[in-house]
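Remember, predicted model here, so these are calculated numbers, not experimental data. To find a chain, count down the sequence lines: A is the first, B the second, and so on, and within it residues start at 1.
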Amino acid sequence: MSNIKPAIPKGTRDFSPSEMVKRNYIFDTIKSVFKKFGYQEIQTPTMENLSTLTGKYGDEGDKLIFKILNSGDYLGKVTSDKLLDLDSNGLTSQISEKALRYDLTVPFARYVVMHQNDISFPFKRFQIQPVWRADRPQKGRYREFYQCDADVVGSESLLNEAEFILIYDEALKSLGLTDFTIKINNRKILSGIAEIIGKPELIVDLTVAIDKLDKIGLDGVCKELIERGFSEVDIDILKPVILLEGSNTEKLDKLKQVLGSSEIALKGISEIETIFNYLAHFKKLNGICELDITLARGLNYYTGAIFEVKTNEVAMGSIGGGGRYDDLTGVFGLKNLTGVGISFGADRIYDVLLELNLFPQNTEETTRVLISNFDSQAELFALPILQQLREAGIATELYPSNAKLKKQMSYANDKKIPFVILIGSDEMAKNVVTLKNMESGEQTRIPIQDLAKQF
RNA sequence: GUAGAUGUAGCUCAGCUGGUUAGAGCAUCGGUUUGUGGUACCGAGGGUCGUGGGUUCGAGCCCCAUCAUUUACCCCA
């Protein structure tokens, strides 16, 4: 048998014990904030029907869905023209009917429609599960990563939007981040801009181009706009909007002037104002949220507010995003149900916290006490002690063989176990144990009945 | 999909304009210490130099191909 090289697919990772401690710290922190705001947890399957996912994420997104090959003789039913024509797209639908989930929002929409009779609206759910994207991996980008989503469906109140900003703020601050920006925009404003130019059909091109402002600058954006079908005249109208500056209120006032003739834009502006007004009433939260008209976000289904969170302390893509989608459940047959939600990118947050050294030091969860195993007699003598400590709620283990003491001590040291109990013939005769503090090196003899009190 | 970078020990890497037997640190194991880790000292094991071809008296180093990893673009968390 040939040796196969141990490897994992690119863009995936193993998580070792010390990493899991840190990851769980992030999940637990976010989860507790979600719960505090009244969200309940659900989970959905790793696989969805391919038809559930396709068409929801745009053309680019569809390409990045991991498809699962049908079981059995998957070529048996393929019509030969698809094979002979080398028609990959046509072939895919015939040999794959399942796919790995691409995000948590679309499966959630599917969930809501399937369980609509059991749900009382507004329904606030959170979900922390991995998602998969067939992207080229790079810094901060993985093919398997966790999202932490909170969504509410069945409520059009903009209070939800305001609360999501509070959730972002509280969760990220709890994780120790201090300098981050929560950006907000509204898809309706973007639609209004496209409308005023008279090219509503180019809204996607418009948003994709102006989204790159901070990356390629104004000249780059103008160049891209022209490539995407806009004229010099259009750009003259766009410029003041793209280069909007000042406080949120100043920006809003300016937008009202420029976009005043567009009903939809005014609606979007008014929504933002309402959200800011809610935020103002949550005191202490002045200016945590910044209106950014260049914020576009790729996903097709957003219709109202759009959020994005970036840290300013580390070069990293966005660590969270979200928005309102008015009709996500419509394609599954449930009309007129609006939703809004946000997502935390746990893996990117992990990378950020690691780089900033923000993980708490004492998150090492390990054994408290190791009982050494000197010989078979001591091993049996140790068993009731082992049980006694565990019953007292102390994480305790007995070294499973009578290896050299040096080896056993190294084991305790490597595993950062703070206490070691030594039991030899002398201790057994006197019904005591020797307790060693691994940090100070100090050793004391303790009567067995007093042992549990020591920890 | 487009472009660049890098593949040498379990890990991180060094290896000169091509020249004897390819090195270091860390990790592992053993010893100094048969009842003591973390520190110190001594020692050991571990390498088809990614793979295949070519140039050369001679290739880890040069050339070509191929695979893998990685960074950036597109797009995204």
Side-chain angles (χ1 to χ4, degrees), chain A residues 3 5-12 16 26 30 57-65 88 101-105 128-149 168 204 207-209 211-212 215-216 220 224 227-228 295-300 307-311 315-323 341-352 370 372-375 378 399 402-428 433-443 445:
Chain A
N3 256 343
K5 235 184 183 171
I8 53 177
K10 75 167 88 165
T12 65
S16 300
I26 294 175
I30 293 173
Y57 308 109
D59 291 342
E60 286 296 322
D62 281 358
K63 285 186 209 153
L64 301 181
I65 296 172
S88 296
R101 85 167 90 71
Y102 178 91
D103 73 353
L104 301 179
T105 308
I128 297 178
Q129 289 190 274
V131 304
W132 291 268
R133 295 185 187 177
D135 222 342
R136 286 274 175 96
Q138 55 187 268
K139 183 180 161 88
R141 174 178 299 185
Y142 305 100
R143 287 184 148 181
E144 178 185 57
F145 62 97
Y146 277 69
Q147 289 192 327
C148 312
D149 270 35
Y168 270 137
V204 173
T207 54
V208 168
D211 187 40
K212 294 178 188 165
K215 221 178 239 175
I216 59 179
E224 178 140 355
E227 280 166 14
R228 288 173 181 269
L295 171 61
R297 298 197 52 75
L299 298 172
N300 282 357
F307 308 111
E308 184 163 286
V309 187
K310 297 193 85 164
T311 169
M316 175 71 72
S318 63
I319 55 174
I342 56 167
S343 179
F344 288 84
D347 302 80
R348 284 189 177 174
I349 292 173
Y350 181 98
D351 291 344
V352 170
L370 175 74
S372 73
N373 189 332
F374 191 56
D375 56 27
Y399 198 87
N402 59 348
K404 284 182 181 169
L405 203 51
K406 183 185 169 88
K407 165 89 181 148
Q408 300 189 33
M409 297 299 282
S410 297
Y411 174 83
N413 193 61
D414 291 344
K415 212 169 159 181
K416 298 189 171 67
I417 299 174
F419 296 100
V420 172
I421 285 173
L422 297 157
I423 299 168
S425 51
D426 199 28
E427 284 88 348
M428 284 190 278
V433 299
T434 296
L435 177 66
K436 172 159 181 150
N437 179 325
M438 290 297 280
E439 204 183 332
S440 63
E442 183 189 358
Q443 294 190 184
R445 291 205 158 186

If you take atom types as modelled and just measure distance, does the side chain of A:Asn413 reach the base of B:G38 with a donor-acceptor pair under 3.5 Å?
-> no
With sugar-phosphate meaning primed atoms plus P, OP1 and OP2, does A:Gly140 contact a base, only sugar-phosphate, or nothing at under 4.0 Å between heavy atoms?
-> base
Among B:G35, B:G37, B:C76, which nucleotide sits nearest the side chain of A:Arg348?
-> B:C76
Nucleotide forming a Watson-Crick or wobble pair with B:A3, both distances under 3.5 Å | B:U71
Just call it for A:Phe344: base, sugar-phosphate, or nothing, with non-hydrogen atoms closer than 4.0 Å on any strand.
-> nothing
Does A:Gln408 make a side-chain donor-acceptor contact with the base of B:U36, cut-off 3.5 Å?
-> no
In terms of side-chain heavy atoms, does A:Ser372 have a donor or acceptor partner in A:Gln408 at a distance below 3.5 Å?
-> no
Aromatic-base stack, A:Phe374 on B:G35, cutoff 5.5 Å, angle under 30 | no
Tell whether A:Glu427 reaches the base of B:G35 with its side chain through a donor-acceptor pair below 3.5 angstrom.
-> yes
Minimum-distance nucleotide to A:Lys139 side chain [options: B:U71, B:C29, B:A77] = B:U71
Pairwise P distance for B:U56 and B:C61, with rounding to whole Å | 16 Å
Taking atom C1' of B:C75 as reference, at what distance in whole Å does atom CD of A:Gln138 sit?
-> 9 Å
Look at the side chain of A:Met438 and decide which nucleotide, out of B:G31, B:C75, B:G37, has an atom nearest to it.
-> B:G37
How is A:Ser410 classified with respect to the nucleic acid when contacts are heavy atoms under 4.0 Å: base, sugar-phosphate, or nothing?
-> sugar-phosphate
Just checking A:Arg228: base, sugar-phosphate only, or nothing, at a heavy-atom cut-off of under 4.0 Å?
-> sugar-phosphate
Look at all strands and tell whether A:Lys310 reaches a base, only sugar-phosphate, or nothing, counting heavy atoms closer than 4.0 Å.
-> nothing
Between the base of B:U2 and the side chain of A:Arg136, is there any donor-acceptor pair under 3.5 Å?
-> yes
Presence of donor-acceptor pair under 3.5 Å, side chain of A:Lys10 and base of B:U69 | no
How is A:Val131 classified with respect to the nucleic acid when contacts are heavy atoms under 4.0 Å: base, sugar-phosphate, or nothing?
-> nothing
Look at atom CD of A:Glu227 and say whether more than 12 heavy atoms of other residues, nucleotides or ligands are closer to it than 6.0 Å.
-> yes
Whole Å only: how far is the CZ atom of A:Arg143 from the P atom of B:U70?
-> 10 Å
Please report, rounded to the nearest Å, how far the C1' atom of B:U36 is from the CD1 atom of A:Ile417.
-> 14 Å
